[in-house]
Amino acid sequence: MFTGIIETLGKIKAIQPIGGDVQLVIDASELDFSDVKLGDSIASNGICLTVVSVSGHSYAVDVSRETMSKTALQNWRVGDTINLEKAMLPTTRFGGHIVAGHVDGVGRVQKINQDARSVYIEIEIPQELMRYTAHKGSITLDGISLTTNAIVPERNLVCLNIIPHTAERTNIAKHWQVGALVNVEVDLVARYLERLLLSPKADSEPKSNITEAFLAKNGFM
C-alpha cells in the first residue's frame with residue numbers, strides 16, 4: 001500500500017522486451033535504497049511494480065502485458081521522468097490517502113492554466129470512473145494523491161489546483177501538458193462502498209451455524 005506522497009523522481013534508463021512483455025530499468029539516484037530488497041513494491045507513476053534486481057542507484061521491474069494495456073506505461077520512453085514512492089510502513093505518517101497502486105484507467109490532460117501561484121488543471125478520465133469521484137474527494141494521478149476542486153460529470157472531467165511544491169516535487173512540471181496521458185486510481189474507499197451497496201442482500205447469503213445456544217453450550221456465554 002502507498003499514500004500518494006511522492007518521495008522522489010526516477011528516470012527510465014532502459015526498456016527491454018523479454019518473452020512477450022518488458023523489463024524496465026529505472027534510475028533513482030535520490031531514492032533511499034537502504035531498505036529496498038528484492039520483491040519490494042515501488043509505485044512508479046502510481047503503478048505498483050516489484051523490484052527484481054538492484055544495481056547501484058537503479059532497479060529493474062518486470063511489466064506484464066496486462067499492466068501495459070491498462071496503464072500509460074505503454075507510452076513510456078527511455079529518458080522519461082516518473083514519480084516514485086516506496087511502499088508505506090506501519091510507522092509512516094499518512095500524508096495522502098489509501099493508494100493501492102492498482103491503476104483503474106488512463107486519463108488525458110485537457111487544460112492547464114496558471115492560477116496565481118498554483119496551476120489549474122482539467123483531466124478527462126474514463127466515464128466509468130466518474131462515479132467514484134466527488135467534489136473535494138481524493139484521486140490518484142500518476143501516483144500523486146490529489147484533491148478534486150470540482151468535477152464535471154457531463155464531460156468526464158476532474159478539476160485540480162496544483163501548488164508549486166507538488167508541481168516541483170513530481171513529474172507534473174516536466175510531463176503534464178495538454179494531451180499527456182496519466183494513470184488514474186480512484187478512491188479505494190469509494191470502490192468498497194459501491195461493492196457493499198450492490199452486494200446481495202443478507203438473506204440471500206449463506207447462514208452461519210453459530211447460534212446463541214451453541215455459544216452458551218461451549219462456554220462462550
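All residue numbers refer to positions in the sequence shown, counting from 1.
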Side-chain heavy atoms nearer than 4.5 Å, only ILVMFWY residues, links allowed to pass through others: does that put [X] and [Y] together?
X: Val103; Y: Val99; value: no
X: Leu129; Y: Leu157; value: no
X: Leu9; Y: Ile47; value: no
X: Leu38; Y: Leu49; value: yes
X: Ile125; Y: Ile172; value: yes

Check the pair Phe33, Val51 against side chain to side chain contact (heavy atoms under 4.5 Å, CB included), reporting the backbone distance first and the verdict last.
CA-CA 11 Å; Phe33 279 90; Val51 176; over 6 Å; no
Could you tell me which residues satisfy side chain to side chain donor-acceptor pair (under 3.5 Å) with Thr3, sequence neighbours excluded, listed by chain and number?
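With sequence neighbours excluded, Thr3 shows a side chain to side chain donor-acceptor pair (under 3.5 Å) to Glu85, given in chain and number order.
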With Ser41, which residues qualify under side chain to side chain donor-acceptor pair (under 3.5 Å), at least two apart?
none
Distance, nearest 0.5 Å, that separates [atom1] of [X] from [atom2] of [Y]:
X: Met68; Y: Asn75; atom1: CE; atom2: CG; value: 12.0 Å
X: Ile151; Y: Leu160; atom1: CD1; atom2: CG; value: 11.5 Å
X: Asp142; Y: Ile6; atom1: CG; atom2: CD1; value: 8.5 Å
X: Asp115; Y: Ile162; atom1: CG; atom2: CD1; value: 11.5 Å
X: His102; Y: Arg191; atom1: NE2; atom2: CZ; value: 11.5 Å
X: Ile121; Y: Leu146; atom1: CD1; atom2: CG; value: 8.5 Å

Of all heavy-atom pairs between [X] and [Y], which one has the smallest distance, and what is that distance?
X: Asn183; Y: Ala72; value: OD1-N, 2.8 Å
X: Ala100; Y: Cys48; value: O-CB, 4.1 Å
X: Phe2; Y: Ala43; value: CE2-N, 3.5 Å
X: Pro17; Y: Ile15; value: CD-O, 3.7 Å
X: Lys13; Y: Ser58; value: NZ-OG, 3.5 Å
X: Leu84; Y: Ala28; value: CD1-CB, 3.6 Å

So [Y] and [X], do their side chains get closer than 4.5 Å, heavy atoms only?
X: Glu194; Y: Val186; value: no
X: Gln177; Y: Val109; value: no
X: Ile139; Y: Ile123; value: no
X: Val36; Y: Lys86; value: yes
X: Gln74; Y: Leu181; value: no
X: Gln114; Y: Val119; value: yes
X: Leu31; Y: Ile42; value: yes
X: Asp21; Y: Val63; value: no

Report the residues that fulfil salt bridge (charged side-chain N to carboxylate O under 4.0 Å, His left out) with Lys136, sequence neighbours left out, ordered by chain and then residue number.
none
Should Asn45 and Asn171 be marked as a side chain to side chain contact (heavy atoms under 4.5 Å, CB included) after you check the CA-CA gap, both sets of side-chain angles, and the distance that decides it?
CA-CA 9 Å; Asn45 265 16; Asn171 70 346; 3.4 Å; yes
Please test Tyr59 against Asp40 for side chain to side chain contact (heavy atoms under 4.5 Å, CB included), starting from the C-alpha separation and ending with a verdict.
CA-CA 11 Å; Tyr59 66 96; Asp40 282 357; over 6 Å; no
Please walk me through it: do Ser44 and Ile26 pass side chain to side chain contact (heavy atoms under 4.5 Å, CB included)?
CA-CA 9 Å; Ser44 307; Ile26 299 171; 3.9 Å; yes
When Ile, Leu, Val, Met, Phe, Trp and Tyr are grouped by side-chain heavy atoms lying under 4.5 Å apart, directly or through other members, which residues fall in the same group as Ile5?
none
Within the side chain of [X], is there an N or O that forms a donor-acceptor pair under 3.5 Å with the backbone of [Y]?
X: Arg169; Y: Glu7; answer: yes
X: Arg108; Y: Gly179; answer: yes
X: Ser29; Y: His57; answer: no

Do you see a donor-acceptor pair shorter than 3.5 Å between the side chains of [X] and [Y]?
X: Asn161; Y: Asn149; result: yes
X: Gln110; Y: Glu122; result: no
X: Ser64; Y: Thr67; result: yes

With sequence neighbours left out, the residues meeting side chain to side chain contact (heavy atoms under 4.5 Å, CB included) with Ser138 are His97
Could you tell me which residues satisfy side chain to side chain contact (heavy atoms under 4.5 Å, CB included) with Asp80, sequence neighbours excluded, listed by chain and number?
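Testing Asp80 for side chain to side chain contact (heavy atoms under 4.5 Å, CB included), a comparison that skips the adjacent residues, returns Ile12, Trp76, Arg77.
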Should the heavy atoms of other residues, nucleotides or ligands under 6.0 Å from CZ of Arg131 be counted, would the total exceed 12?
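It does: Arg131 CZ has more than 12 such atoms within range.
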